[in-house]
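The structure appears below as structure tokens.
All residue numbers refer to positions in the sequence shown, counting from 1. Hydrogens, waters and symmetry mates are skipped; everything else that's a heavy atom, side chains included, is used. Counting starts at 1 for both ligands and their atoms, following the listed order.
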Amino acid sequence: MRLFANIQIQKAERNKGDDFLIIEANQKEKRSWVEISINQIIENYRIYKGQCVPGTEIMAVIKADAYGHGDVKVATALENEGVHLFAVSNIDEAVGLRKSGIKGEILILGYTSPTLADKLFEYDIIQTLVSEEYADELAKQNIKVKCQFAIDTGMNRIGLDSDNPDECDKIIRRYCRELSVNGIFTHLCVADTDTESCHRFTEQQISKFKAVVSRVRDLKLPYVHYCNSAGGLAYPDLSLEPKKKIVRLGIILYGLKPDYGNTLPDGIKPALTWKSTVSMVKELRKGETVGYGRTFKAENDMRVATVTTGYADGYNRLLSNKGFVMLNGKKASIIGRVCMDQFMVDVTDIPEVSMGSVAVLLGTDRDTSYTADDMAESIGTIGYEVVCDISNRVQRYYI
Ligand SMILES: *Cc1c(COP(=O)(O)O)cnc(C)c1O
């Protein structure tokens, strides 16, 4: 029960009232916050859909609070736009969406304890069957939960082994009687990488999946899908005719790249801007050091500004002495280590910076831009992690 009580509190806070949505009025009262353009997310959805095979349906992947963008806000806007398929990672997320009025189908892509079968049923949620053993445990609850089988075609994460399609066929049929199975899906693991061997692997994954699909065709499962953001664009010609193609669209919805080597269709842009306030500016004399561990030493006299965001806000500590922020459209390099709630930047060449100035941590500031993908590249991770890491302490505002 605790599980569900938590959801309510979280959502209530997020929907506190209209003043929560007004951003410009009083920026100086804020410390660390993100501004999210719902219009840009809708635009990204429309552009992406326009690039897919006609008739493609989009399953909006809004796990992890819509990659940090706010799942209820994003899902509500997309539902108004005609989307009726959503995917999340767990039952808390799924129930949270239902309680906020989302009507579409909600698929949980990962594990849920089989003992929560009654909750899955009560909230009309589709559960992924991660294995035969899992399906068996869920079926033992004697509740006809809506389900989809994951099929493993080479990622070796979850799903029935597609190397044995006859066995998959048997298992799917068995649980069609005991549960309410309405689909099967697989997941591509190198669809974002443009090399000969990755293409070959992906095509192999798709053909293994099709071997299973063709065996269960007579079951007329309404949801058969294998594409993520990258797959939907890179493998547009391999649709499961005569089935309608479904793409599970995650990262590109938010305007980020599956892999920073990718090029996104024109007009698809990041929807999130992260900002933070300068709390003080000081002069530093040559030879002085900055921050924990004294990892930065001033080579000359300089001016330093303290920014009110830290790793507890999800600002990665690997950006120490490496990243930069934008102040008045100019780059200010991070000096010293990122602290829990603050970090320091060099503003020697940006004399107009003072207490209360607004630093852009992610986004576009005049002619300068620094996206979650850029940040990810500089610290050796992916844009997904950068946006998912922005903690709850950072307020979300919708513009
Ligand atoms: C997260 C996830 C997606 C979405 O992937 P993107 O690369 O963000 O588009 C799709 N399918 C499954 C099974 C996932 O776990």
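Residue P258 does not touch ligand 1, judged by heavy-atom distances below 4.0 Å. Only side-chain heavy atoms of H187 come within less than 4.0 Å of ligand 1; its backbone N, CA, C and O stay farther off.
The atoms of ligand 1 that sit less than 4.0 Å from any heavy atom of L109 are 12 (C), 13 (C), 14 (C), 15 (O). Atom numbering of ligand 1 starts at 1 in the shown order; those under 4.0 Å from a heavy atom of R157 are 13 (C), 15 (O).
Using a 4.5 Å cut-off between side-chain heavy atoms of Ile, Leu, Val, Met, Phe, Trp and Tyr, with links allowed through other members, Y235 and F201 fall into different hydrophobic clusters. No single ILVMFWY cluster, assembled from side-chain heavy atoms under 4.5 Å apart, contains both V325 and M302.
Residue contacts with ligand 1 leave out K257, since none of its heavy atoms falls under 4.0 Å from the ligand.
In this structure, the protein non-hydrogen atom closest to atom 15 (O) of ligand 1 is K63 NZ, 2.8 Å. Nearest protein heavy-atom neighbour of atom 11 (N) of ligand 1: R248 NE, 2.7 Å. From the protein, the heavy atom lying nearest to atom 9 (O) of ligand 1 is S229 OG, 2.5 Å. Here the protein heavy atom with the shortest distance to atom 7 (O) of ligand 1 is Y384 OH, 2.6 Å. Counting only heavy atoms of the protein, atom 8 (O) of ligand 1 lies nearest to Y67 OH, 2.6 Å.
Heavy atoms only, all atoms of each residue included: F149 and A135 are closest at CZ-CB, 4.0 Å.
In this pair, F343 and Y315 present their aromatic rings parallel. The plane angle is below 30°, not in the 30 to 60° band.
For D266, the CG atom is loosely surrounded, since the number of other residues' heavy atoms within 6.0 Å does not exceed 12.
No donor-acceptor contact under 3.5 angstrom links the side chains of N39 and E43, judged on distance only. Side chains of T308 and T277: no donor on one and acceptor on the other come within 3.5 Å.
Any N or O atom pair closer than 3.5 Å counts here, and I251 shares at least one such pair with ligand 1. Polar contact with ligand 1: present for G250 (N/O pair, distance under 3.5 Å).
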Next on the checklist: What verdict does the salt bridge (charged side-chain N to carboxylate O under 4.0 Å, His left out) test give for K119 and E122, after you've listed the backbone C-alpha separation in whole Å, the side-chain angles of each residue and the deciding distance to 0.1 Å?
Outcome noted: CA-CA 5 Å; K119 289 290 168 206; E122 180 185 348; 3.4 Å; yes
